[in-house]
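Throughout, protein chains are lettered first and strands after them, A, B, ... in sequence-line order, and every chain is numbered starting at 1. Just so it is clear, the values below take in all heavy atoms, side chains as well, and ignore hydrogens, waters and symmetry mates.
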Number of protein chains: 2
Amino acid sequence: MSKVSPRRTDPRTHTALIEIAAALLATEGPQALSTRRITAEAGTSTMAVYTYFGGMSGLVREMVHEGFQRLQRHLTAVRSTSDPVSDMALLGRAYRLNALANPHLYSVMFGGASLSGFSLTDEDRQHGRYTLTGVVECVAHCVSVGRFADADVAHVAHQMWIATHGLVTLELGGYLVAPLDGDALFDPQLVALMVGAGDRPEMAARSVRASRRRIERELSQQAG
Amino acid sequence: MSKVSPRRTDPRTHTALIEIAAALLATEGPQALSTRRITAEAGTSTMAVYTYFGGMSGLVREMVHEGFQRLQRHLTAVRSTSDPVSDMALLGRAYRLNALANPHLYSVMFGGASLSGFSLTDEDRQHGRYTLTGVVECVAHCVSVGRFADADVAHVAHQMWIATHGLVTLELGGYLVAPLDGDALFDPQLVALMVGAGDRPEMAARSVRASRRRIERELSQQAG
DNA sequence: GTGCTAAACATATCGCCGTTATGCAACAAT
DNA sequence: ATTGTTGCATAACGGCGATATGTTTAGCAC
């Protein structure tokens with residue numbers, strides 16, 4: 001039962017490997033991610049990947065978790081406006097900008113970019129779905145102040161997420177070309193969804209276009 | 001200047017290789033796609049991939065083109081209803097069902113699943129964007145019969161595509177779990193977008209909910 | 001301080017991959 | 001029949017993730 005504590009791992013090497021891998025993924029894409037490349041830049045042998053992460057999958061997994069946390073940080077750093085509808089737009093923009101800033105990482109996180117047999121577990125995906133909590137709260141806020149109908153907030157939040165994710169992935173894939181590129185499509189997409197999925201039906205006298213114009217006005221005030 | 005025409009390639013081998021690769025991709029996923037695997041099942045040597053396709057990328061590219069053509073066929077086989085709004089929903093459903101039927105292929109086509117350094121060219125992406133022509137026509141039809149506002153039809157078609165693609169990719173990635181899975185989210189997403197992005201604003205007296213209900217009714221009639 | 005043990009790590013190797021060099025058989029042109 | 005070009009099998013190359021094996025080092029008992 002004697003517990004011996006031999007040489008322990010160096011946490012600096014741990015983070016260094018992940019940072020090197022993240023930089024490699026960001027600058028040269030997924031095919032540059034190899035144990036030999038990473039460990040060579042870290043000054044160790046390939047075994048380091050196995051002692052620290054149990055293999056390439058483990059390293060990628062921790063990198064993905066880091067990406068989820070960074071996305072979460074970007075999203076939670078948003079809430080500030082007095083208008084919850086504008087907040088939703090800001091959430092979507094932050095989501096998109098984070099994805100555009102780390103395109104390869106986003107592909108691994110949500111696109112399932114097959115990285116040498118790496119695949120996410122259900123627990124990993126839960127981290128991804130955690131992104132939604134902020135959106136759900138924002139939708140609930142919109143409902144509570146009477147801007148959105150009292151529908152299923154999780155449902156509406158999912159629709160926002162789906163649309164934003166779809167635009168981002170097509171944009172990253174190079175499928176959105178000018179003049180209908182991501183910049184041109186993003187805000188109108190959000191507006192359309194907020195009108196169609198969230199807006200209050202009680203104001204029957206107001207047309208769809210009136211709702212759209214109102215939301216567009218609020219968004220443009222937040223554009224700067 | 002003497003042109004000699006020695007032994008020609010066998011077109012049956014050409015298609016056999018692509019079909020084997022497609023079957024392999026569909027049944028065992030992207031990591032099962034290897035020259036050795038494919039050529040072994042075809043009864044040839046690995047060189048066949050290079051004489052017929054110039055390498056693995058060429059084979060994947062032709063496979064992707066085949067996938068685009070199949071998607072296009074699925075979509076063009078849809079138009080039949082008298083109501084263009086219902087047609088749009090049917091288009092979206094066909095798009096989604098095609099993707100769910102060939103998830104790995106769809107990932108390669110649109111997700112940019114990095115298949116051993118394979119990446120699409122702009123010309124490949126044009127084939128993907130060709131998908132939109134049917135949707136654009138359908139939106140134009142909705143406008144022509146007075147169901148949609150006279151907005152930019154390409155813009156609206158893009159929004160439909162974006163939302164459908166987003167739902168499909170998240171669904172394929174395993175991010176949509178019950179009770180808010182793809183089945184539950186798909187039709188409402190389409191309805192919301194049609195209401196918010198396409199519906200006519202002129203009928204100012206009708207509420208957003210009225211528009212939604214009308215579209216939902218028309219979709220449910222087409223559900224069978 | 002001195003062993004002892006177990007973990008960290010380097011080295012070498014394995015089986016796989018895409019790709020390429022080489023060689024030979026097959027066929028069209030002459 | 002000869003010749004030249006191409007299809008394609010064989011074998012090899014470099015690189016990959018992973019593993020087996022040996023070496024070094026850190027911490028504990030004494």
Side-chain angles (χ1 to χ4, degrees), chain A residues 1-18 20-21 24-25 28-64 104 108 113-121, chain B residues 1-18 20-22 24-25 28-64 104 108 113-120:
Chain A
M1 207 57 79
S2 66
K3 251 300 82 268
V4 191
S5 310
R7 181 153 58 131
R8 296 275 91 210
T9 68
D10 186 356
R12 286 181 295 117
T13 308
H14 182 101
T15 62
L17 286 174
I18 289 192
I20 289 173
L24 232 41
L25 178 66
E28 303 188 35
Q31 64 179 344
L33 272 191
S34 74
T35 57
R36 287 169 171 81
R37 218 20 229 287
I38 296 170
T39 55
E41 302 212 4
T44 68
S45 79
T46 61
M47 277 303 297
V49 172
Y50 294 87
T51 58
Y52 283 94
F53 308 98
M56 198 61 187
S57 300
L59 193 153
V60 173
R61 176 158 292 110
E62 292 210 17
M63 219 175 51
V64 165
H104 295 302
V108 177
S114 56
L115 235 51
S116 78
F118 167 76
S119 66
L120 292 87
T121 67
Chain B
M1 206 59 80
S2 66
K3 255 288 99 262
V4 192
S5 309
R7 185 152 53 129
R8 295 278 91 207
T9 68
D10 187 356
R12 285 181 295 119
T13 308
H14 182 102
T15 63
L17 286 174
I18 290 192
I20 289 172
L24 232 43
L25 178 67
E28 303 188 35
Q31 63 179 347
L33 271 191
S34 75
T35 57
R36 286 168 172 80
R37 231 357 243 291
I38 296 170
T39 54
E41 303 212 4
T44 68
S45 79
T46 61
M47 277 303 297
V49 172
Y50 293 86
T51 60
Y52 283 95
F53 307 98
M56 197 63 185
S57 301
L59 194 153
V60 173
R61 176 158 292 112
E62 293 209 16
M63 218 174 53
V64 165
H104 296 302
V108 176
S114 56
L115 233 51
S116 79
F118 166 77
S119 66
L120 292 86

Peer 1: What nitrogen or oxygen pairs link the protein and nucleotides 12-17 of chain C at under 3.5 Å?
Peer 2:
| from | atom 1 | to | atom 2 | distance (Å) |
| --- | --- | --- | --- | --- |
| C/dC17 | OP1 | B/S34 | OG | 2.9 |

Peer 1: Does B/Y52 reach the main-chain N or O of B/T15 with its side chain, forming a donor-acceptor pair under 3.5 Å?
Peer 2: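 No, B/Y52 side chain to B/T15 backbone: no donor-acceptor pair under 3.5 Å.
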Peer 1: Measure NE2/B/H14 against C1'/D/dT6 and give the value in whole Å, please.
Peer 2: 18 Å
Peer 1: Could you pull out the closest heavy-atom pair between A/L17 and A/A48, with the gap in Å?
Peer 2: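 Reported closest heavy-atom pair: CD1-CB, 4.2 Å.
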Peer 1: Starting at atom CD1 of A/I38, determine the distance to atom P of D/dC16, rounded to an integer number of angstrom.
Peer 2: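 Spelled out: CD1 on A/I38 to P on D/dC16 is 10 Å.
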Peer 1: Is the number of heavy atoms from other residues, nucleotides or ligands within 6.0 Å of CD (B/Q31) greater than 12?
Peer 2: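 No, the 6.0 Å shell around CD holds no more than 12 heavy atoms from other groups.
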Peer 1: Quick one: which of B/M63, B/R61, B/H14 gives a side chain to side chain contact (heavy atoms under 4.5 Å, CB included) with B/F53?
Peer 2: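 So the option named by the test is B/H14.
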Peer 1: How many whole angstroms separate atom CE of B/M56 from atom C1' of C/dT19?
Peer 2: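 Taking atom C1' of C/dT19 as the reference, CE of B/M56 is at 12 Å.
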Peer 1: Kindly give the heavy-atom pair with the smallest separation between B/R37 and B/A32, and that separation in Å.
Peer 2: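 Scanning both residues, the minimum pair turns out to be CG-O, 3.5 Å.
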Peer 1: Nearest whole angstrom, please: distance from the P of C/dG18 to the CG of B/L17.
Peer 2: 13 Å
Peer 1: Minimum heavy-atom separation for A/V108 to A/L120, with atom names?
Peer 2: O-CD1, 3.7 Å
Peer 1: How close or far is atom C1' of D/dA18 from atom CZ of A/F118, stated in whole angstroms?
Peer 2: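 That distance rounds to 17 Å.
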Peer 1: Could you list by number each residue of residues 48-55 of chain B showing a heavy-atom separation from DNA chain D of less than 4.0 Å, or answer none if no residue does?
Peer 2: B/T51, B/Y52
Peer 1: Closest-nucleotide mapping onto DNA chain D: is A/S57 or B/T44 further toward the 5' terminus? I mean the 5' end.
Peer 2: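 By nearest-heavy-atom nucleotide position, the 5'-most residue is B/T44.
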Peer 1: Please name the pair of heavy atoms, one in A/L115 and one in A/P30, separated by the smallest distance, quoted to 0.1 Å.
Peer 2: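 Smallest heavy-atom distance, with atoms named: CD1-CB, 3.2 Å.
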Peer 1: Going by ring pair (Phe, Tyr, Trp, His ring centres under 6.0 Å), name the residues that satisfy it together with A/Y50, two or more places apart in sequence or in a different chain.
Peer 2: none
